Amino acid sequence: MPVGTAGSVKGIHQQELLNDINAPIILGNTYHLYLRPGLDTIRGAGGLHRFMNWDRSILTDSGGYQVFSLAANRELKPEGAWFRSHIDGSKHLFTPENIVDIQRIIGADIIMAFDECTPWPCDLKYAKSSLDLTHSWLDRGLEQFATTEPLYDHNQAFFPIVQGSVFKDLRKESAEFVAEKGAVGNAIGGLSVGEPADEMYAMLEVVNSILPEDKPRYLMGVGTPVNILVAISLGVDMFDCVMPTRNGRNGMLFTRHGIINIKNRKWMDDFSPIDTDGHSYVDMQYSKAYLRHLIISGEMLGAQIASLHNLAFYLWLVRKAFEEIRSGTFTAWKEKMIPALSTRL
RNA sequence: GGGGAGAUACCAAAGUGGCCAACUGGGGUAGACUGUAAAUCUACUGUCGUACGACUUCGGAGGUUCGAAUCCUUCUCUCCCCA
């Protein structure tokens, strides 16, 4: 199995973190797997377990999110998406086919389909035409995946992505379209792009009533600790998000007791450990006051410590959720946790 | 001892009669960040009030003027050059 990092400092630290706490994880800001929350029972990760080592895997994204986030620098065509490089202005065509090829080359254990992540708000007409495009791209990606081979000595999985904005009918249509493909895992995209959380939850309910229960359901780009617990309760198994690292770099620490903005003056003279309940070596090693000083001073070490803390917290959160599910106490635990997680310390 | 320059809000630094409660940085305070062009971005930052606004500010004192951070007099302090 490949040891997955994106080659970044971030990735390396995550790897160290993994060695440290031995948690199931997919690298690249993706944390955890295989849950069966709705029924409070454990589920294996479907066919994936047959060839995947969850401790050492790579998940790569397709660039579909960049179709959304870099909208100003791209042009959408039926054949694919043209991106203009912000570095030298050169143009590059991303297609459902070459995106599969690229992820094959990287050696990703999980390859994501190329899709359009629709913005929010988004009118029904646009969402519908976008969904049609995403579906046609999905068929092309699946075809490319089926007609090519892994380049290395491990298998690769291809995850389709459900879209449909915040429209239940479209989400239903998309989930059915995706489920029909019989992939070893399925993803839910196009959420947490600005819509109210309740709308996201409503979409998850619709989609998860259709996506197969015995295959991982991967909610892309989510989210806050509360978002994750709610999504787990709605049947999601797998997440990824920039939040622990980006928000960490900007001074936000997530803990089981609530959220700390370490830049706040109130922590200036607080020399207690960052998190006495934490699971990363940084938590007892450094004080809040010191971390605050590092972040405020713009020291890279501060961003690293905060990121490590947050990643460890996120991993603890999903592992704990896993244990609570296993012992049949997830729902009660979740209800108790949500108010704490939302608290501003 | 002689000559010159300068003193602006927490710091630095614009402004050189009305558009100045005073540009811009920094600092400070708070907020945002959800499949990472993001070690980023936003707001506020004299006092009181939610706000229209009111009141006190540009080294000190005095003066000119309808009106002064800006002009005049004087005092205090700082820096530079020559002895």
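As the structure is a prediction and not an experimental result, all values here were calculated from the model. Per chain, numbering begins at 1; letters A, B, ... match sequence-line order.
Here rC48(B) sits opposite rG53(B) as a Watson-Crick or G-U wobble pair (both hydrogen-bonding atom distances under 3.5 Å). rC79(B): Watson-Crick or G-U partner is rG4(B), with both key distances under 3.5 Å. When Watson-Crick and G-U wobble pairs are counted only if both distances are under 3.5 Å, rU73(B) pairs with rA61(B).
Residue contacts for I295(A): at a heavy-atom cut-off of 4.0 Å it reaches no nucleic acid atom on any strand shown. Backbone-only engagement by R344(A) is indicated by non-hydrogen atom pairs under 4.0 Å involving sugar-phosphate atoms exclusively. Within 4.0 Å (heavy atoms only), E195(A) reaches no atom of the nucleic acid at all. If you check every strand for non-hydrogen atoms under 4.0 Å, G190(A) touches a base.
Between N261(A) and rA30(B) there is no side-chain N or O to OP1 or OP2 distance below 4.0 Å. At rG35(B), none of the side-chain N or O atoms of S192(A) fall inside 4.0 Å of OP1 or OP2 (strictly under the cut-off). When the side-chain nitrogen and oxygen atoms of Q66(A) are compared with OP1 and OP2 of rG35(B), none of them lie within a distance under 4.0 Å. For rA30(B), the OP1/OP2 oxygens have a side-chain nitrogen or oxygen of N264(A) closer than 4.0 Å. For R292(A), a side-chain nitrogen or oxygen approaches OP1 or OP2 of rU29(B) to under 4.0 Å.
In this structure, E324(A) does not pair ionically with K334(A), as no charged nitrogen and carboxylate oxygen lie closer than 4.0 Å.
Of the candidates rU34(B), rA37(B), rA38(B), rA37(B) carries the atom nearest the N73(A) side chain, counting heavy atoms from C-beta on. With rG35(B), rG28(B), rG31(B) as the candidates, the nucleotide lying closest to the side chain of D240(A) is rG35(B). The side chain of N250(A) approaches rA32(B) more closely than any other nucleotide in the set rA32(B), rU34(B), rA37(B). When distances run from any side-chain atom of R249(A) to the nucleotides rU34(B), rG35(B), rA38(B), the shortest one goes to rA38(B).
Distance noted for atom C1' between rG46(B) and rC10(B): 12 Å (whole Å). Using C1' as the reference atom, rC33(B) and rA38(B) are 8 Å apart when rounded to the nearest Å.
Side-chain N/O atoms of E116(A) and S130(A) include a donor and acceptor closer than 3.5 Å. For the residue pair S174(A)/H135(A), the side-chain donor-acceptor check at 3.5 Å is satisfied.
Note on ring orientation: taking the six-membered ring where Trp is involved, the planes of Y314(A) and F254(A) are perpendicular (angle over 60°, cut-offs 30° and 60°).
The base of rG35(B) does not come close enough to the side chain of Q103(A) for any donor and acceptor atom to sit less than 3.5 Å apart. Counting distance only, with no hydrogens placed and no angle test, the side-chain atoms of D115(A) and the base atoms of rG35(B) include a donor-acceptor pair under 3.5 Å.
Rounding to the nearest 0.5 angstrom, the gap separating the CZ atom in F159(A) from the CG atom in N186(A) is 7.5 Å. Rounded to the nearest 0.5 Å, atoms CE (M112(A)) and CG (D240(A)) are 8.5 Å apart.
To the nearest angstrom, C1' of rG31(B) lies 16 Å from CD1 of I262(A). For L59(A) and rU36(B), the CG to C1' distance is 14 Å, given to the nearest whole Å.
Residues R265(A) and M300(A) both approach RNA chain B. Their nearest nucleotides, taken by heavy-atom distance, put R265(A) toward the 5′ side. If you find the closest nucleotide of RNA chain B to D61(A) and to G298(A), the one lying nearer the 5' end belongs to D61(A).
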